[in-house]
Peer 1: 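My structure is below; once you've seen it, I'll send some questions.
Only heavy atoms go into these numbers, but all of them, side chains included; no hydrogens, no water, no symmetry mates. Every chain is numbered from 1, with letters handed out A, B, ... down the list of sequences.
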Number of protein chains: 2
Amino acid sequence: MPPIKVKMLDSGSAPEGGEIASVGAPKGRAKLRGKPLTRIQREKQDVILEAALDVFSEKGFLGATIDQIAEAAGMSKPNLLYYFPRKEEIYKRLMTSMLDIWLAPLRELDSVGDPVPELRSYIRRKLEMSRDFPRQSRLFAGEMLQGGPRIVDVLEGDLKALVDEKAKVLERWMDEGKLRRTDPYHLIFSIWATTQHYADFDVQVRAVLGRDRGGEGRFEDAARFLETLFMHGVLTKPS
Amino acid sequence: MPPIKVKMLDSGSAPEGGEIASVGAPKGRAKLRGKPLTRIQREKQDVILEAALDVFSEKGFLGATIDQIAEAAGMSKPNLLYYFPRKEEIYKRLMTSMLDIWLAPLRELDSVGDPVPELRSYIRRKLEMSRDFPRQSRLFAGEMLQGGPRIVDVLEGDLKALVDEKAKVLERWMDEGKLRRTDPYHLIFSIWATTQHYADFDVQVRAVLGRDRGGEGRFEDAARFLETLFMHGVLTKPS
DNA sequence: TAACGTTTTTTCCAACTGGTCAAATTTCTG
DNA sequence: CAGAAATTTGACCAGTTGGAAAAAACGTTA
């Protein structure tokens with residue numbers, strides 16, 4: 001199973017020179033397009049992406065400003081613009097590189113394994129991602145909230161394909177009587193929803209749990225609860 | 001059980017005149033503060049709030065502009081500003097009036113009823129809210145994503161109180177052996193997460209389910225799945 | 001060290017932002 | 001209908017926004 005190719009709409013404005021080669025210098029002002037990146041370029045891009053993740057995840061794409069990102073990255077706005085000529089470019093880079101690791105747990109849901117430990121560990125790993133990469137989760141959630149204009153292609157393409165594949169795995173388990181027969185798509189949705197909730201709605205979770213239970217231990221509590229929920233539901237008398 | 005008083009930080013910049021009465025005209029330019037609203041005022045405010053809900057839920061607080069709201073409401077920016085002197089005022093009004101109906105299903109979770117139908121209907125009603133008021137759900141989710149700066153007070157106040165109360169109900173049911181013993185708070189979180197997911201991540205859900213299964217029927221599918229999940233979990237062999 | 005490519009800074013801009021204000025218009029009330 | 005109150009408009013403003021241009025500073029290597 002090849003790693004999902006998380007290709008965005010396109011990785012930059014169409015390559016210089018259309019059908020009829022436009023004479024003269026490239027119009028897109030493609031400053032660092034000649035591929036091999038220098039050390040400094042790699043380093044600075046990383047710094048920028050890290051800063052951008054902070055700002056974008058907190059303010060959303062529209063709410064974030066280049067100035068804020070530049071300041072968080074410790075450089076001037078024109079300097080940042082030297083590495084990423086447009087705001088959207090940073091955002092897209094962030095989104096692609098993020099989706100890749102974000103979907104890793106699902107990709108590893110193994111069809112040859114046993115349903116119980118497989119599902120159990122999938123849920124746990126998803127929850128760990130919420131704990132360890134909350135900014136990425138919020139970035140993605142923000143994009144979804146806005147209707148995913150910069151990412152729909154991936155959703156309908158690679159993501160759907162991956163989910164289709166894993167849904168089949170779940171269905172087979174159901175056929176074999178190892179899992180209760182339910183809708184595999186909604187099962188996946190519910191795992192996503194419950195785990196990501198702890199990153200995306202962190203404020204609410206903390207506020208409701210209060211100072212005593214809202215600390216780091218809340219992830220262990222959540223893990224325990226979700227395991228019970230998904231394995232047995234909340235009823236005492238099983239049907 | 002009195003209806004939650006969903007009071008925001010405060011319902012307008014502090015009433016004119018501080019401790020030491022500031023002489024002269026009110027500085028806050030309190031145009032329509034003398035309470036009894038005219039017919040036009042009520043109508044226009046409704047139109048504005050409706051338009052603002054569209055724009056805010058789509059772009060977030062920061063991403064939305066007064067101009068966009070004004071255009072969606074079919075009036076000029078200064079005219080809109082005549083009814084709501086600041087952008088944040090619209091947002092807060094929206095949030096308060098929304099939270100009220102948003103929490104209604106939880107409020108109605110009845111301690112005297114039987115756990116099974118009570119929980120079942122709570123889940124269904126929450127899911128219905130996601131279907132019928134997706135913009136409100138997204139508005140709230142967006143606020144959460146940004147750390148809820150304009151709403152933390154409510155979360156830590158009335159919301160926490162309500163959840164505390166209902167958690168006790170759940171706990172009693174567990175004591176009586178009517179519910180499996182688990183964490184009631186995380187149970188509530190998981191119901192919120194799974195149901196609101198269908199509003200907040202609508203694009204993703206549609207994209208993954210595809211054209212055939214992404215239609216209106218998806219809510220019935222979700223309802224069936226969630227009922228099974230919460231009641232029995234996904235295992236065939238109950239422990 | 002001279003020349004060259006890379007990186008950074010300074011300056012600038014046009015469009016947009018939230019919001020004000022006074023004047024003009026409409027609606028309501030007697 | 002007159003007059004007052006409520007509503008709407010057009011002009012305006014200071015600050016911010018994403019981004020462009022060019023020049024300056026820097027680093028590297030012959």
Side-chain angles (χ1 to χ4, degrees), chain A residues 12-13 16 24-48 51-52 55-56 58-94 150, chain B residues 12-13 24-48 51-52 55-56 58-94 149-150:
Chain A
S13 50
E16 329 300 345
K27 298 199 311 182
R29 204 129 282 101
K31 303 194 176 174
L32 10 147
R33 196 66 61 82
K35 282 299 136 55
L37 295 184
T38 74
R39 175 186 51 90
I40 295 188
Q41 279 163 2
R42 252 178 291 115
E43 288 175 1
K44 293 282 165 113
Q45 287 195 357
D46 284 352
V47 174
I48 291 172
V55 180
F56 278 135
E58 197 176 314
K59 313 279 191 81
F61 177 75
L62 295 166
T65 74
I66 302 184
D67 271 312
Q68 290 165 351
I69 300 173
E71 190 190 339
M75 64 183 71
S76 67
K77 177 169 67 170
N79 194 13
L80 180 150
L81 256 355
Y82 169 72
Y83 292 101
F84 292 90
R86 2 217 102 236
K87 183 184 175 185
E88 196 166 348
E89 225 101 321
I90 316 175
Y91 189 80
K92 289 200 287 192
R93 273 277 294 268
L94 228 38
R150 283 164 275 270
Chain B
S13 51
K27 297 199 313 183
R29 206 129 280 102
K31 302 192 178 176
L32 9 146
R33 197 64 63 82
K35 280 302 134 52
L37 296 184
T38 74
R39 173 188 52 90
I40 295 188
Q41 279 163 3
R42 252 178 291 115
E43 288 174 2
K44 292 284 165 115
Q45 287 195 358
D46 283 353
V47 173
I48 292 171
V55 180
F56 278 135
E58 197 177 314
K59 312 279 192 79
F61 176 75
L62 294 167
T65 74
I66 302 185
D67 272 312
Q68 291 165 350
I69 300 173
E71 191 191 339
M75 64 182 72
S76 67
K77 179 168 64 170
N79 194 11
L80 181 150
L81 257 354
Y82 169 73
Y83 292 101
F84 292 89
R86 4 218 100 236
K87 184 184 174 184
E88 197 166 348
E89 224 101 320
I90 316 177
Y91 190 79
K92 289 201 286 192
R93 272 278 294 269
L94 229 37
R150 282 164 276 270

Peer 1: At their closest point, which heavy atom of A73(A) faces which heavy atom of V47(A), and how far apart are they?
Peer 2: O-CG1, 3.5 Å
Peer 1: For a quick test of reading the model, state the closest non-hydrogen atom pair linking A52(A) to I90(A) and the distance between them.
Peer 2: CB-CG2, 3.5 Å
Peer 1: Would you say that F84(A) contacts R93(A) through its side chain, given a criterion of any heavy-atom pair below 4.5 Å between the two side chains?
Peer 2: yes
Peer 1: Whole-Å distance between dG5(C) P and Y82(A) OH?
Peer 2: 13 Å
Peer 1: When you measure from the side-chain N and O atoms of R86(A) to the phosphate of dA20(D), is any distance below 4.0 Å, counting only OP1 and OP2?
Peer 2: yes
Peer 1: Any sub-3.5 Å donor-acceptor pair from E89(A)'s side-chain atoms to R86(A)'s backbone N or O?
Peer 2: no
Peer 1: Grab the CD1-P distance between I48(A) and dT7(C) for me, whole Å please.
Peer 2: 11 Å
Peer 1: For L80(A) and dA20(D), give me the distance from atom CG to atom P, rounded to whole Å.
Peer 2: 13 Å
Peer 1: In whole angstrom, give the distance that lies between atom CG of L81(B) and atom C1' of dT17(C).
Peer 2: 12 Å
Peer 1: Where along residues 61-77 of chain B does a heavy atom fall under 4.0 Å from DNA chain C?
Peer 2: A64(B), T65(B), I66(B), K77(B)
Peer 1: Choose from dA20(D), dT20(C), dT8(C) the nucleotide whose nearest atom is closest to any side-chain atom of K44(A).
Peer 2: dT8(C)
Peer 1: Look up atom OH in Y91(B) and atom CG in L62(B), then write down how far apart they are to the nearest 0.5 Å.
Peer 2: 8.5 Å
Peer 1: Can you tell me the distance, in whole Å, between the NZ atom of K59(A) and the C1' atom of dT17(D)?
Peer 2: 13 Å
Peer 1: Might you list the N or O atoms of the protein lying below 3.5 Å from N or O atoms in nucleotides 27-30 of chain C, with each pair's distance?
Peer 2:
from    : atom 1 : to     : atom 2 : distance (Å)
dC28(C) : OP1    : R39(B) : NH2    : 2.7

Peer 1: Which salt bridge (Lys or Arg N to Asp or Glu O under 4.0 Å) pairs, counting each pair once, include a residue from residues 59-82 of chain A, with sequence neighbours left out?
Peer 2: D67(A)-K77(A)
Peer 1: dT17(C) P sits how many Å from K87(B) NZ, rounded?
Peer 2: 9 Å
Peer 1: Please verify the inter-ring angle class for F56(A) with F61(A); under 30° counts as parallel, over 60° as perpendicular, anything in between as tilted.
Peer 2: parallel
Peer 1: Would you mind reading off the distance between Q45(A) atom CD and dT8(C) atom C1', rounded to a whole angstrom?
Peer 2: 16 Å
Peer 1: Can you tell me if the side-chain N/O atoms of Y83(B) get under 4.0 Å from OP1 or OP2 in dT8(D)?
Peer 2: yes
Peer 1: Starting at atom CZ of R42(B), determine the distance to atom P of dA6(D), rounded to an integer number of angstrom.
Peer 2: 14 Å
Peer 1: Could you give the distance from CG (L80(B)) to CD1 (I69(B)), rounded to the nearest 0.5 Å?
Peer 2: 6.5 Å
Peer 1: Tell me the closest heavy-atom pair linking M75(B) and N79(B), and the distance in Å.
Peer 2: CB-ND2, 3.8 Å
Peer 1: Does a nitrogen or oxygen in the side chain of N79(A) sit under 4.0 Å from OP1 or OP2 of dT7(C)?
Peer 2: no
Peer 1: Between dT7(D) and Q41(B), is there an OP1 or OP2 to side-chain N/O distance shorter than 4.0 Å?
Peer 2: yes
